[in-house]
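Inspection log for the structure reproduced underneath, given as structure tokens.
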Amino acid sequence: MSYAVEKQLAEVAKTIKKILSVAELPAIEIANSKFDADFALPCFTLARDLHKKPQEIAEQIVVGLNHPVIAKAEAKAGFVNLWLSDSALGSALGEIVTKPTYGAQKLLDKQKILIEVYSTNPFKDLHIGHAYNSIVGDTLANIFKLGGADLHRVSYGGDVGLHVGKSMWAILRYLEGDISKLDVVKSGDRPAFLSRMYVEGAGQYEEDSIIRQQIDVLARQSFVQDDAFFKQVYEICRQWSFDYIHKMIKKMGSQLAEREYWENEADKLGRQIVETHIGDVFERSEGAIVFKGETYGLHTRVFITSHDTTLYEARDLGLMQLKEQEYNPDKSYYLTAEEQRDYFKVVLKAAQLSLPELKDKSVNISTGTVKLSTGKMSSRTGKVVNIEGLFKELSEALKARGAEEDNLQAGIVGALRYAMLKVRIGGDIIFDINESISLEGNSGPYLQYAHARGRSILAKLADSSSTEKSSSSSSHPRLDWESSKKKSSLLTGSPIGVGDDETGEKTFVDFTADEHKLAIKVLEYPTITAKAISELAPHHICNYLYELTQQFNRFYEHNRIIGDPRQNQRAELVNSYCQVLENGLGVLGIPAPERL
RNA sequence: GCGCCCGUAGCUCAGCGGAUUAGAGUACUUGGCUUCGAACCAAGGGGUCGCAAGUUCGAAUCUUGCCGGGCGCACCA
């Protein structure tokens with residue numbers, strides 16, 4: 001995707017190359033915000049090639065540069081500082097309204113990408129770490145999509161193994177052979193019930209060696225499932241879990257996976273892969289089947305235990321194979337916590353050797369650990385925070401601050417997602433519930449508020465213009481003031497808009513300093529999306545949107561929109577701003593309600 | 001012990017394919033609502049960018065070595 005500003009700058013770069021008669025030019029950067037300029041060209045690398053001082057080169061460019069896109073150029077400290085002309089700015093802004101997907105890129109065009117958006121274990125509780133992982137997964141999926149990828153969301157559920165044995169042991173004990181006892185558990189209580197059962201089984205496993213043996217038997221049963229009663233109970237409870245997981249995923253503002261893989265189905269395939277490669281990839285050791293990673297600078301891991309059950313390692317191989325068969329993707333992304341980083345390297349190496357057709361399609365992105373700051377929440381519960389408890393806390397805090405009931409959910413999602421997405425993926429994240437629900441400063445609600453504020457101005461304008469005129473209410477109220485004007489050249493949008501051709505009325509004739517600043521910030525969006533896509537870094541979008549809304553709030557503070565002689569132009573500008581903000585929030589999975 | 005990740009303002013973090021005068025939020029101090037939403041804006045104090053060398057005209061950013069913290073290293077997921 002090539003946006004107007006990009007094209008304009010490319011033209012300027014061409015001109016500068018001519019002035020210096022060089023073939024290559026460093027990138028024209030967005031100027032540091034502490035300087036007044038829009039863009040800057042550093043001349044330091046040029047200095048080496050041309051054997052001149054950077055400042056001399058900068059001055060040479062300034063003297064020679066005469067381009068309609070550039071209103072002003074200045075040489076300072078080895079940089080050429082550049083200001084965009086009003087006409088260039090105006091035509092670039094027009095794109096935002098005409099392209100609803102403004103910000104989308106083609107960096108990943110035609111790539112088929114698979115991403116595991118959540119990997120949860122049924123039977124166990126969902127805690128804040130699951131929330132973080134799934135929110136990051138969902139947002140990365142949005143970013144891949146923004147990059148033009150053929151994106152597929154999948155998930156993986158651990159429905160076999162020891163943890164299932166632990167849960168099932170406690171559940172079966174509770175039932176005492178009578179499955180109708182499950183009916184007593186009301187649907188709202190099911191997650192808590194399952195969570196209690198798991199905790200009970202896990203506790204007994206540690207304490208009692210006889211129970212441990214019973215649990216081991218049940219764990220094996222989760223694979224084979226040849227006991228009818230076990231199977232019946234297992235399937236009901238697993239369904240309860242998945243219903244709950246789906247509910248929570250949606251509540252966090254994330255999308256469900258289009259294909260949900262279960263360990264159950266990856267198990268057989270995984271075992272088969274391991275067993276057919278004993279000798280060339282895997283080897284027997286102390287009764288288990290292992291992969292010796294030391295040969296490759298990694299460590300040894302067990303794939304099939306000495307009790308002849310598969311481990312996560314083997315099942316992951318099966319999963320990779322399954323994904324390959326069903327999707328044949330170009331890239332397949334796995335999101336894991338950092339403690340799984342080295343684990344994943346081993347599995348990937350084993351996969352590379354035993355399944356060469358996978359090549360290096362699988363990529364692991366590791367996130368840090370979610371830690372709670374020592375707030376009242378962690379001290380009260382004393383342990384990991386259950387995800388529903390988190391929702392409750394967020395909801396109460398928002399209500400206490402006077403949030404409208406209708407938009408409570410939007411606020412919760414905004415606060416939670418933004419708090420988790422605004423920092424770089426990879427490091428540990430210190431989650432402070434009080435800070436995350438704070439409506440002030442660099443927060444989700446700040447952005448949502450700033451959006452609602454802008455929309456409310458536009459709505460007000462739409463109202464006044466529709467009451468003045470015979471009210472033929474448009475389906476797009478926020479563009480109503482447009483109807484009172486002639487079709488603006490902004491909306492037709494000359495492609496490159498260098499302003500040579502001054503035919504027709506321009507919505508943006510000139511810009512005040514404040515308008516110019518806001519406009520430049522709005523137009524920075526595609527540069528940011530490109531960065532977020534290539535680095536897989538949602539936090540760039542967060543930071544940008546925060547700077548954008550800050551810029552808007554400053555503008556709003558000092559400039560009147562309704563009733564000002566420049567009303568129409570400013571409304572257009574606010575509209576562009578709202579559009580970009582809404583687009584950006586959309587990528588983050590944060591709703592942008594018209595009112596809060 | 002080996003490997004990976006991380007040390008930037010009191011706290012939470014951006015900035016890291018070097019480049020104009022290290023930035024935000026929060027907390028603290030202060031000013032601004034008869035005008036489009038004050039969940040806002042403006043101003044102030046607060047930093048040996050963990051330490052030390054090296055590369056460079058120039059390093060928070062690259063290299064090396066230390067120090068400090070987290071995680072992983074055989075049958076949990």
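Letters A, B, ... are given to chains in the order of the sequence lines, protein chains preceding strands, and every chain is numbered from 1. In what follows, every heavy atom counts, from backbone to side chain, and hydrogens, waters and symmetry copies are set aside.
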Worksheet item: Which part of the nucleic acid, if any, lies within contact of A:I561, taking any heavy atom under 4.0 Å across all strands shown: a base, the sugar-phosphate backbone alone, or nothing?
Response: base
Discussion item. Taking the P atom in each of B:C76 and B:G70, what is the distance between them to the nearest angstrom?
Written reply: 26 Å
Fill in: RNA chain B: 5'-proximal contact among A:D342 and A:R595 (nearest heavy atom)
A:D342
Worksheet item: Base, sugar-phosphate, or nothing for A:K166, non-hydrogen atoms under 4.0 angstrom?
Response: nothing
Practice prompt. Please collect all side-chain hydrogen bond (donor to acceptor under 3.5 Å, both in side chains) contacts where either partner lies in residues 531-542 of chain A, sequence neighbours excluded, each pair once.
Written response: A:E535-A:H540
Discussion item. Taking B:A22 as the reference, what is the distance to B:U35 when you measure between their C1' atoms (whole Å, please)?
Written reply: 39 Å
Worksheet entry | Nucleotide opposite B:C33 in a Watson-Crick or G-U pair, distances under 3.5 Å | none
Discussion item. Heavy atoms only, 4.0 Å cut-off, all strands: where does A:R301 land among base, sugar-phosphate and nothing?
Written reply: base
Discussion item. Categorize A:D36 for me: base, sugar-phosphate, or nothing, with a 4.0 angstrom heavy-atom threshold over every strand shown.
Written reply: nothing
Worksheet item: When all nucleic acid strands are considered with a 4.0 Å heavy-atom cut-off, which category describes A:R341: base, sugar-phosphate, or nothing?
Response: sugar-phosphate
Worksheet, complete the sentence: By the Watson-Crick or G-U definition, both distances under 3.5 Å, B:A52 is matched with B:U64
Discussion item. Categorize A:E547 for me: base, sugar-phosphate, or nothing, with a 4.0 angstrom heavy-atom threshold over every strand shown.
Written reply: nothing
Item to complete: Run the numbers on A:D342 and A:K345 for salt bridge (Lys or Arg N to Asp or Glu O under 4.0 Å), then give the verdict.
Response: CA-CA 5 Å; A:D342 289 346; A:K345 281 185 194 161; 3.6 Å; yes
Worksheet item: Could A:D308 and A:R271 be called an ion pair, given the rule that one side-chain N must be under 4.0 Å from one carboxylate O?
Response: yes
Fill in: Distance, C1' atom - from B:G58 to B:U21, rounded to whole angstrom
15 Å
Worksheet item: Any side-chain heavy atom of A:E56 sitting closer than 4.5 Å to one from A:L50?
Response: no
Discussion item. By the 4.0 Å heavy-atom rule, please label A:H540 as base, sugar-phosphate, or nothing.
Written reply: sugar-phosphate
Worksheet entry | Along RNA chain B (nearest heavy atom to each residue), the more 5'-positioned of A:R315 and A:F44 | A:F44
Worksheet item: What does B:A59 pair with, Watson-Crick or G-U, if both distances are under 3.5 Å?
Response: none
Practice prompt. Look at all strands and tell whether A:Y343 reaches a base, only sugar-phosphate, or nothing, counting heavy atoms closer than 4.0 Å.
Written response: base
Fill in: Span of RNA chain B, from the first to the last nucleotide whose atoms fall under 4.0 Å of chain A heavy atoms
B:G3 to B:A77
Worksheet entry | Trace of the salt bridge (Lys or Arg N to Asp or Glu O under 4.0 Å) decision for A:E524 with A:K521 | CA-CA 5 Å; A:E524 201 180 314; A:K521 201 70 200 172; 3.2 Å; yes
Worksheet item: If we only count heavy atoms from C-beta on, is the A:L353 to A:H277 side-chain gap below 4.5 Å?
Response: no
Discussion item. Heavy atoms only, 4.0 Å cut-off, all strands: where does A:Y446 land among base, sugar-phosphate and nothing?
Written reply: sugar-phosphate
Discussion item. Students often get this wrong, so: under 4.0 angstrom with heavy atoms, is A:S366 touching a base, only sugar-phosphate, or nothing?
Written reply: nothing
Practice prompt. Report which part of the nucleic acid A:E286 touches: base, sugar-phosphate, or nothing (heavy-atom distance under 4.0 Å, all strands).
Written response: base
Worksheet item: Does some side-chain heavy atom of A:E338 sit less than 4.5 Å from a side-chain heavy atom of A:T369?
Response: yes
Worksheet entry | Atom C1', compared across B:C62 and B:A27: separation rounded to whole Å | 36 Å
Worksheet item: Using atom P of each nucleotide, how far apart are B:A60 and B:G72 to the nearest Å?
Response: 34 Å
Worksheet item: Taking atom P in both B:C11 and B:U55, what distance in whole Å separates the two?
Response: 34 Å
Fill in: Partner nucleotide of B:A24 by Watson-Crick or wobble geometry (both distances under 3.5 Å)
B:U12
Worksheet item: Can you list every side-chain hydrogen bond (donor to acceptor under 3.5 Å, both in side chains) pair that touches residues 412-426 of chain A, not counting sequence neighbours?
Response: A:D138-A:R417, A:T139-A:R417, A:S254-A:R417, A:Y418-A:N442
Worksheet item: Applying a 3.5 Å limit to both distances, which nucleotide forms a Watson-Crick or G-U wobble pair with B:G47?
Response: none
Worksheet item: Across all strands shown, which nucleotide pairs with B:G1 by Watson-Crick or G-U wobble geometry, both distances under 3.5 Å?
Response: B:C73
Fill in: Nearest-Å distance once atom C1' is located in both B:G50 and B:C67
7 Å
Discussion item. Categorize A:D564 for me: base, sugar-phosphate, or nothing, with a 4.0 angstrom heavy-atom threshold over every strand shown.
Written reply: nothing
Worksheet item: So what does A:A452 hit on the nucleic acid, given a heavy-atom distance under 4.0 Å: a base, only sugar-phosphate, or nothing?
Response: base
Worksheet item: Would you call A:F123 and A:M168 a side-chain contact if the rule is heavy atoms closer than 4.5 Å?
Response: yes
Practice prompt. Using the C1' atom on both, measure B:C71 against B:A14 and round to a whole Å.
Written response: 24 Å
Discussion item. At 4.0 Å (heavy atoms only), tell me whether A:V290 reaches a base, stays on the sugar-phosphate, or touches nothing.
Written reply: base
